[in-house]
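The structure displayed is predicted, hence computed values, not measured ones. For reference, positions follow the sequence shown, starting with 1. Basis for what follows: all heavy atoms, side chains included, without hydrogens, waters or symmetry-related copies. Counting starts at 1 for both ligands and their atoms, in listed order.
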Amino acid sequence: MNINALQQLSRDHLAATHNRLPVCFTHGEGVWLWDQDGRKYLDSFAGIAVNTLGHGHPRLTKAIADQAKNLIHVSNNYLISQQAELACSLSRLSGLDRVFFANSGAEANEAAIKVARMYGHQKGIDSPKIVVMEKAFHGRTLGSLSATASETIRTGFGPLLEGFIRVAPNAAAIAAACEDDSVVAVMLEVIQGEGGINPIDDAVLREIREICDEKEALLLLDEVQTGIGRTGKVFAFEHSGVVPDVVALAKGLGGGVPIGACLMGGRARDVLQIGSHGSTYGGNPLVCAAGLAVITEMQEKDLCGNAERVGMHILKRLRSEVARLPGIVDVRGRGLLIGIELDRPAAAVVHLALDAGLLLNVTSGTVVRLVPPLIITQDEADELISRLLPVLRTFLN
Ligand SMILES: *Cc1c(COP(=O)(O)O)cnc(C)c1O
């Protein structure tokens with residue numbers, strides 16, 4: 001279908017929730033995507049930090065195809081070997097013993113929020129509260145939306161869930177909020193993604209862990225965007241040495257198939273019991289086979305090391321070649337989660353980049369976000385930068 005007709009069809013029949021760029025991809029390989037006209041794009045967006053192994057990855061596509069032939073879905077009423085194996089891998093990697101599988105990041109956070117509330121009730125707290133951060137993004141379902149900060153995203157959906165206390169992401173503010181005896185958890189992203197690539201200091205995260213320990217509150221980390229190698233470690237919390245009680249995962253875990261996971265350890269380990277939570281699709285054989293392929297490839301090819309090395313290379317080049325351009329406020333990030341903050345609304349950068357054969361997005365209005373697949377090579381990273389530089393120069397001119 002030609003692009004204008006497709007655009008019209010989408011306008012006529014899809015909910016108007018997304019502003020879709022006028023391009024339709026037909027296939028991909030590695031960090032590259034091709035559109036209907038055969039034009040090639042370097043994908044530095046990876047479906048919002050989802051395509052960990054890039055596109056058309058042989059191991060992932062084979063795992064999905066083989067699994068689909070054998071069994072796509074049964075039900076959590078039965079044992080599922082792929083699910084148990086993936087849970088075992090995630091437990092070993094995280095140090096958290098138990099895994100609940102969901103289908104998205106929002107749902108992984110819903111599970112985390114329910115665990116925190118249940119934990120509170122088990123301690124005799126009738127109206128448990130969760131401390132959440134300014135600029136946080138945790139998803140669009142009502143629970144995760146209530147934990148999300150953005151007024152734009154929240155507007156029109158009240159009354160939202162009660163029981164959240166929002167504070168600035170620093171130890172003093174969190175400690176003060178934790179004075180409230182009904183606080184049962186502190187929830188945060190190790191690096192805020194949608195909020196504009198805002199990292200929390202390793203030392204601050206360690207302080208927050210201590211505050212939680214004193215209070216016997218759970219530390220819930222939303223690693224939906226930062227998890228599975230994105231920042232150069234399997235989990236972003238590893239940089240600080242902190243061990244959280246609950247971790248939400250999704251985006252990078254399935255390499256493109258919808259999967260979410262809520263990892264529970266420490267005080268949260270045995271909070272969920274028979275009947276206290278559930279999911280029809282969560283952890284089905286297909287998505288877990290994909291998750292296993294992603295994790296196996298990540299480990300065999302040291303994609304964490306690659307994310308760290310190539311991420312550092314990109315940051316270095318951006319710092320020397322971009323940071324001093326007038327209009328650039330900051331270049332920051334860790335591993336392959338990189339933000340370039342501009343001094344003005346930057347939405348138009350996306351269109352200029354598209355014209356230059358580069359896919360990226362802008363988050364929080366002014367921050368150009370780079371989240372390429374973790375398999376990106378240094379040469380491809382150089383190509384990314386050589387496409388990005390003229391785009392930024394033109395935009396800022
Ligand atoms: C994307 C994201 C979510 C929501 O994930 P969905 O799969 O879109 O529901 C939650 N938290 C963080 C940190 C995210 O980046």
(message) Measuring from atom 11 (N) of ligand 1, which candidate in D222, L249, I259 has the nearest non-hydrogen atom?
(response)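 The option holding the nearest heavy atom is D222.
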(message) Out of E194, K251, Q192, who is nearest to atom 15 (O) of ligand 1 when you count heavy atoms only?
(response)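 Going through E194, K251, Q192 one by one, K251 has the nearest heavy atom to atom 15 (O) of ligand 1.
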(request) Establish, from distance only, whether the side-chain atoms of Q225 and E189 form a donor-acceptor pair under 3.5 Å. (result)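 No - no donor-acceptor pair under 3.5 Å links their side chains.
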(message) Using the rule that Ile, Leu, Val, Met, Phe, Trp and Tyr join whenever any side-chain heavy atoms are under 4.5 Å apart, tell me whether I48 and L354 fall into a single cluster.
(response)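 Yes, because I48 and L354 connect within a single hydrophobic cluster, where side-chain heavy atoms sit under 4.5 Å apart.
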Pair [X] + [Y]: basic N to acidic O under 4.0 Å:
X	Y	answer
R387	D355	no
R206	D202	no
D66	K62	yes
E194	R369	yes
K215	D181	yes

Against heavy atoms of [X], which atoms of ligand 1 measure under 4.0 Å?
X	answer
S104	7 (O), 9 (O)
H138	10 (C), 11 (N)
A106	4 (C), 5 (O), 6 (P), 9 (O)
N109	10 (C), 11 (N)

(request) Output yes when a protein non-hydrogen atom is found under 4.0 Å of atom 8 (O) of ligand 1, and no otherwise. (result)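 No, no protein heavy atom sits under 4.0 Å from atom 8 (O) of ligand 1.
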(request) For ligand 1, note which part of E189 has a heavy atom under 4.0 Å away: side chain, backbone, both or neither. (result)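 The answer is the side chain of E189.
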(message) Heavy atoms only, cut-off 4.0 Å: how does T226 contact ligand 1, side chain, backbone, both, or neither?
(response)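 Answer for T226: neither.
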(message) Can you report which non-hydrogen protein atom sits closest to atom 5 (O) of ligand 1, along with the distance?
(response)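 Protein heavy atom at minimum distance: G105 CA, 3.3 Å.
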(request) Look at the aromatic rings of Y41 and F25 and report parallel, tilted or perpendicular, splitting at 30° and 60°. (result)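 The rings of Y41 and F25 stand perpendicular, inter-plane angle above 60°.
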Is [X] close to ligand 1, meaning an N/O of one under 3.5 Å from an N/O of the other?
X	value
A250	no
V224	no
Q225	yes

(request) Please check if the side chain of R269 supplies one atom and the backbone of L96 the other of a donor-acceptor pair under 3.5 Å. (result)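 Pair absent, no side-chain N/O of R269 close to backbone of L96.
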